[in-house]
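A short worksheet on the structure shown next.
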There are 2 protein chains.
Amino acid sequence: MAISSEPSRPYHHGSLRDALLRRAEEVLSESGVDGLSLRAIARDVGVSHGAPRRHFPDRQALLDALAEDGFVRLGDEIRAAAAAPASSFVERLGALAIVYVSFATQHAALLDLMFAGKHRPGASESLYAAAEGAFSPVFQLIVEGQAQGEVVPGDVDRVALAAWAGIHGLASMVNAGLVDRATLPSLVADAAERMVLGLRPRG
Amino acid sequence: MAISSEPSRPYHHGSLRDALLRRAEEVLSESGVDGLSLRAIARDVGVSHGAPRRHFPDRQALLDALAEDGFVRLGDEIRAAAAAPASSFVERLGALAIVYVSFATQHAALLDLMFAGKHRPGASESLYAAAEGAFSPVFQLIVEGQAQGEVVPGDVDRVALAAWAGIHGLASMVNAGLVDRATLPSLVADAAERMVLGLRPRG
DNA sequence: CAACTCTGTTGTCATTGCCTACATTCGATC
DNA sequence: GATCGAATGTAGGCAATGACAACAGAGTTG
């Protein structure tokens, strides 16, 4: 299970922080947050139990870093989907929704971490930044939609939030085990359709 | 903090299970799941650290029981809202949504527990039953709506899930701290409207 | 009253997170 | 390139925790 690497490890690992995060994420997806122990991860990586402290003041800091990393990766995927060629606004937004649900369901434990971290008072500034960065393509797309008259005008934050709630809720319910995984794709399609429908300017 | 009660406690507490659950729920809402320690709760209730084991084989069992209790109480509130006099289908369904979001946001940590438990393999049968029982009024209402032609026909589970995703997602995002609490009521109203809109037969 | 079962107590153990002192390495400055 | 301070890792210790086992009191049932 340990990330086996150089046979004779130098005193300084060189990239301990990254190694810890990598291993932590493995454990996270295999055993959930509760199964994540700093000491065990240190063992797996091959350092002493005190070493992680130099990079993460406490366990929560490690979890925050994982969450932040999660937002970054989610942001990458969303950005890629947003950049992909798409004919219509609807198609474009639908693609983002699919990417989101896909990420959320493939990294259930990580998603919990990501959304548990935001409301913690002491959460780092960079976590917030990462979260905002991840969702910025969505906001951007909605602003474009508004400009093109495809989306109801109004405060973007509010409009986006309302629209995205259905997508996030679906992902959340899948992770809770309320949804048969096989029916997920069609549900996502439905949700995306409903989202676009809900965004339409109403006469 | 402890639930002070009878001065000279008999050897047998009489209702230890309930007392533990009550105290656990207090701790849960004050300090979250991570702050919940079996030993601390036992201390608070005034029993030895081994006593809880007679009622909950391990910590997870206590959490499951909390979740189950949460579903029961949520069910009570939903049922009450469903039973309340309401003129229209729309109004009725909106009332359920409000009750749900209200419960979810007032018991954020508990909600996490409730929805984390469902996908755990070893979760007890009664937890599932409680969850289904809590949501049954929603299903029932949607079936009625379908009968009255107010709701698109089709598999109830699927329709209800799709509709409820927006509500649940909104609650989830509020708990994540993405929503200013002041704007919540109007957002819930929006979400409910969108939900009803999405349920309408199209055609 | 005697066996039996529940329920609670006490003591123990491994694990864990966090802390402090110490060791080794790296890097900047002279 | 030597020196000194900062960064990084090690070793040991501590209190708290969850799980477990052996035991004890209390109620129950024959």
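Just so it is clear, the values below take in all heavy atoms, side chains as well, and ignore hydrogens, waters and symmetry mates. The chains referred to below are lettered A, B, ... by the order of the sequence lines, with proteins before strands, and numbering in each begins at 1.
Each of Gly50(B) and Gly50(A) has a nearest nucleotide on DNA chain C; the 5'-most of these lies closest to Gly50(B). Nearest-nucleotide mapping onto DNA chain D: of Pro57(B) and Arg54(B), the residue sitting toward the 5' end is Pro57(B).
Regarding Arg17(B), its CZ atom lies at a distance of 15 Å from the C1' atom of dC6(C), rounded to whole Å. Counting to the nearest Å, the C1' atom of dT15(C) and the CG atom of Asp44(A) are 15 Å from each other. When the P atom of dA22(D) is taken as reference, atom CZ of Arg53(B) falls 12 Å away, rounded to whole Å. One atom, CZ of Phe56(B), and another, C1' of dG8(C), lie 15 Å apart when rounded to the nearest Å. Residue Leu62(A) contributes atom CG, which lies 14 Å from atom P of dT16(C) at whole-angstrom precision.
Dashed line: the shortest gap from a side-chain N or O of His55(A) to OP1 or OP2 of dG9(D) is under 4.0 Å.
When the salt bridge (charged side-chain N to carboxylate O under 4.0 Å, His left out) test is applied to Glu25(A), the partners found at least two apart in sequence or on another chain are Arg73(A).
Distances were taken from every side-chain heavy atom of His49(B) (C-beta onward) to each of dT9(C), dT10(D), dC20(D); the shortest belongs to dC20(D).
Under a 3.5 Å cut-off, the side chain of Ser15(B) and the backbone N or O of Asp18(B) do not form any donor-acceptor pair.
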Pair Leu38(B)-Phe56(B), side-chain contact (heavy atoms from CB on, under 4.5 Å): steps then yes or no:
CA-CA 10 Å; Leu38(B) 282 181; Phe56(B) 308 101; 5.7 Å; no
Assess whether side-chain contact (heavy atoms from CB on, under 4.5 Å) is satisfied between Leu21(A) and His55(A), documenting all intermediate values.
CA-CA 10 Å; Leu21(A) 280 177; His55(A) 303 274; over 6 Å; no
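With values rounded to the nearest 0.5 angstrom, Leu141(B) atom CG is found 11.0 Å from Ser136(B) atom OG.
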Identify each donor-acceptor pair in which a side-chain atom of residues 158-169 of chain A lies under 3.5 Å from a protein atom, sequence neighbours left out, and give them as a table.
unit_1    : atom_1 : unit_2    : atom_2 : d
Arg158(A) : NH1    : Ser186(B) : OG     : 2.9
Arg158(A) : NH2    : Ser186(B) : OG     : 3.0
Arg158(A) : NH2    : Asp190(B) : OD2    : 3.2
His168(A) : ND1    : Tyr100(A) : OH     : 2.8
His168(A) : NE2    : Ser172(B) : OG     : 2.9

Under-3.5 Å N/O pairs linking protein and nucleotides 14-17 of chain D:
unit_1  : atom_1 : unit_2   : atom_2 : d
dT17(D) : OP1    : Ser37(B) : OG     : 3.4
dT17(D) : OP2    : Arg43(B) : NH2    : 3.2

